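Input: a single structure, listed below in structure tokens.
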Amino acid sequence: MNEFHSETEQLEFLKKYGLVSPTKTSLPPFQYFAPDSTVPIPCEIAGYDQAFETWAILVINAAGTMIKIHSGYLLEMKTRGTSPRKKETRTVRKKSAVPSSYVVFDIETTGLSYTADKIIEIAAVRHTKDAVAEFHEYVYISAPVPAKITSLTGITNETLQDASPIDVVLPKFLSFIANHALVGHNIKSFDLPFINKACSDLGLPPVKNKVTDTLPLARKKLPNLSNHKQTTLCSYYGIDTSNAHRALFDCHMCDQVYRSLTGDVYA
């Protein structure tokens with residue numbers, strides 16, 4: 001973990017990622033919501049694990065438990081409950097359509113063809129009964145990252161130069177997802193073909209986990225939308241998209257879309 005050497009250094013770091021107002025001279029309070037809980041836990045930002053141009057993986061201390069969390073996710077928790085909410089229509093959660101454990105995952109690639117292009121980033125968020133865990137790895141490739149992909153994702157060859165190759169990253173990802181149900185946006189047509197092509201290339205068995213794809217689910221639930229892109233669904237449900245097209249943040253976006261589509265949220 002990278003620690004801050006002073007409150008001033010910590011303030012400047014958090015301002016960069018929008019967690020602190022540019023005019024603030026002292027740290028504001030932060031709060032963490034444990035999975036399936038509506039009760040906030042006061043937390044402190046102890047440091048960070050990884051930092052990128054528009055987001056970081058922070059390390060927080062929540063009631064004595066050290067937790068790694070995406071900066072955008074902590075920002076959402078910081079503002080949760082402070083903005084006007086829709087009128088409460090119920091106080092208890094309906095029986096959930098969401099499984100008790102599942103993994104939302106997303107990849108970034110050098111293009112759209114799973115036979116010709118390469119995976120350059122894999123991320124996942126795993127929900128189990130008692131915890132939420134994150135997985136994030138860049139994937140080294142020797143070929144140049146196309147300019148249009150860098151423009152879309154911010155990923156360059158310099159970003160990948162210290163990353164592990166796919167033969168190292170993929171087994172770690174497969175271990176992380178284990179036999180959990182998988183969730184993602186357009187993963188049946190895009191992400192899974194890329195993953196299974198990589199599995200085939202490495203002599204690994206294909207992924208055969210149960211899959212829920214939020215794209216056909218959204219088309220069924222919201223037939224009147226102009227399109228069913230993940231960013232469009234996020235806009236419909238009021239979900240932050242400021243860091244879209246980065247795999248880990250896309251996972252958190254998809255997670256919120258999934259829960260909104262299945263009614264596993266408070267009204």
Side-chain angles (χ1 to χ4, degrees), residues 55 70 72-73 76 94 96-127 132 134-136 139 146 148-149 151-155 170 173-174 176-200 206-265 267:
W55 59 280
H70 191 288
Y73 211 35
E76 186 275 328
K94 294 190 294 185
S96 176
V98 172
S100 58
S101 68
Y102 65 96
V103 176
V104 183
F105 88 94
D106 184 76
I107 62 173
E108 299 298 338
T109 68
T110 57
L112 301 178
S113 171
Y114 72 88
T115 59
D117 294 304
K118 302 297 182 183
I119 298 170
I120 54 175
E121 186 181 22
I122 305 178
V125 178
R126 183 179 64 209
H127 288 266
V132 176
E134 293 180 342
F135 175 93
H136 178 262
V139 181
K148 63 182 181 180
I149 298 301
S151 177
L152 181 68
T153 67
I155 299 173
L170 185 59
F173 170 71
L174 297 176
F176 183 84
I177 67 173
N179 60 352
H180 296 290
L182 300 178
V183 174
H185 195 73
N186 198 31
I187 57 171
K188 288 184 177 180
S189 298
F190 185 79
D191 304 72
L192 278 174
F194 268 93
I195 291 293
N196 283 331
K197 173 62 165 58
C199 286
S200 176
V207 172
K208 294 184 177 180
N209 301 44
K210 180 180 178 181
V211 174
T212 297
D213 194 322
T214 55
L215 177 57
L217 182 61
R219 286 171 174 161
K220 179 179 179 181
K221 294 279 187 176
L222 302 169
N224 295 324
L225 288 185
S226 59
N227 65 69
H228 296 86
K229 297 178 181 178
Q230 181 157 276
T231 50
T232 301
L233 297 173
C234 286
S235 178
Y236 179 82
Y237 286 119
I239 298 165
D240 177 31
T241 61
S242 57
N243 288 309
H245 301 298
R246 293 310 301 268
L248 187 56
F249 198 82
D250 280 359
C251 288
H252 287 297
M253 287 165 49
C254 184
D255 193 9
Q256 294 178 74
V257 167
Y258 174 51
R259 289 182 172 273
S260 298
L261 287 169
T262 56
D264 196 54
V265 293

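Computed from a predicted structure; not experimentally measured.
- Minimum interatomic distance between P193 and I187 (heavy atoms only, all atoms of both residues): CD-O, 3.6 Å.
- Considering every non-hydrogen atom in both M253 and D240, the closest pair reads CG-O, 3.5 Å.
- The minimum heavy-atom distance between T241 and C234, with the atom names listed, is CG2-CB, 3.3 Å.
- Between T262 and L217 the shortest side-chain heavy-atom distance falls below 4.5 Å.
- Side-chain atoms of S260 come within 3.5 Å of backbone N or O of Q256 as a donor-acceptor pair.
- Taking CG of L233 as the start and NZ of K221 as the end, the distance is 13.0 Å to the nearest 0.5 Å.
- Aromatic ring centres of F105 and F173: separated by under 6.0 Å.
- Remark: E134 pairs with H252 by the side-chain hydrogen bond (donor to acceptor under 3.5 Å, both in side chains) rule, at least two apart or across chains.
- Under the 6.0 Å distance and 45° angle rule, R126 counts as a cation-pi partner of F176.
- Counting all heavy atoms, side chain and backbone alike, F135 lies closest to L248 at O-CD1, 4.0 Å.
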message: side chain to side chain donor-acceptor pair (under 3.5 Å), that's the test. Do Y102 and D255 meet it? Break it down for me.
response: CA-CA 10 Å; Y102 65 96; D255 193 9; 2.6 Å; yes

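- Counting heavy atoms from C-beta on, the side chains of V125 and V132 come closer than 4.5 Å.
- In this structure, Y114 places its OH atom where only 12 or fewer heavy-atom neighbours from other residues, nucleotides or ligands lie under 6.0 Å away.
- Of the possible polar contacts, one joining the N196 side chain to the V207 backbone as a donor-acceptor pair under 3.5 Å is found.
- Counting only distance, with no hydrogens or angles, the side chain of N186 and the backbone of D191 share no donor-acceptor pair below 3.5 Å.
- Residues R246 and I155 have side chains in contact (heavy-atom distance under 4.5 Å, counting atoms from C-beta outward).
- Atom-to-atom distance recorded for I177:CD1 and L182:CG is 5.0 Å, nearest 0.5 angstrom.
- A side-chain hydrogen bond (donor to acceptor under 3.5 Å, both in side chains) with S113 is found for one member of T109, T110, T115 and no other, namely T115.
- A distance of 15.0 Å separates NZ of K197 from CG of L192, quoted to the nearest 0.5 Å.
- Nearest heavy-atom pair, A123 versus H136, reported as atom, atom and distance to 0.1 Å: CB-CD2, 4.0 Å.
- When every heavy atom of I149 is checked against every heavy atom of G111, the shortest pair comes out as CD1-N, 4.3 Å.
- Here the NZ atom belonging to K188 is positioned 10.5 Å from the CG atom belonging to L215, to the nearest 0.5 angstrom.
- Remark: the backbone N or O of C251 is not paired with any side-chain donor or acceptor of D106 at under 3.5 angstrom.
- For the atom pair E108 CD and I122 CD1, the distance stands at 11.0 Å (nearest 0.5 Å).
- Separation of atoms CG (L225) and OH (Y236) is listed at 6.5 Å; rounding is to 0.5 Å.
- Counting only distance, with no hydrogens or angles, the side chain of H185 and the backbone of D250 share no donor-acceptor pair below 3.5 Å.
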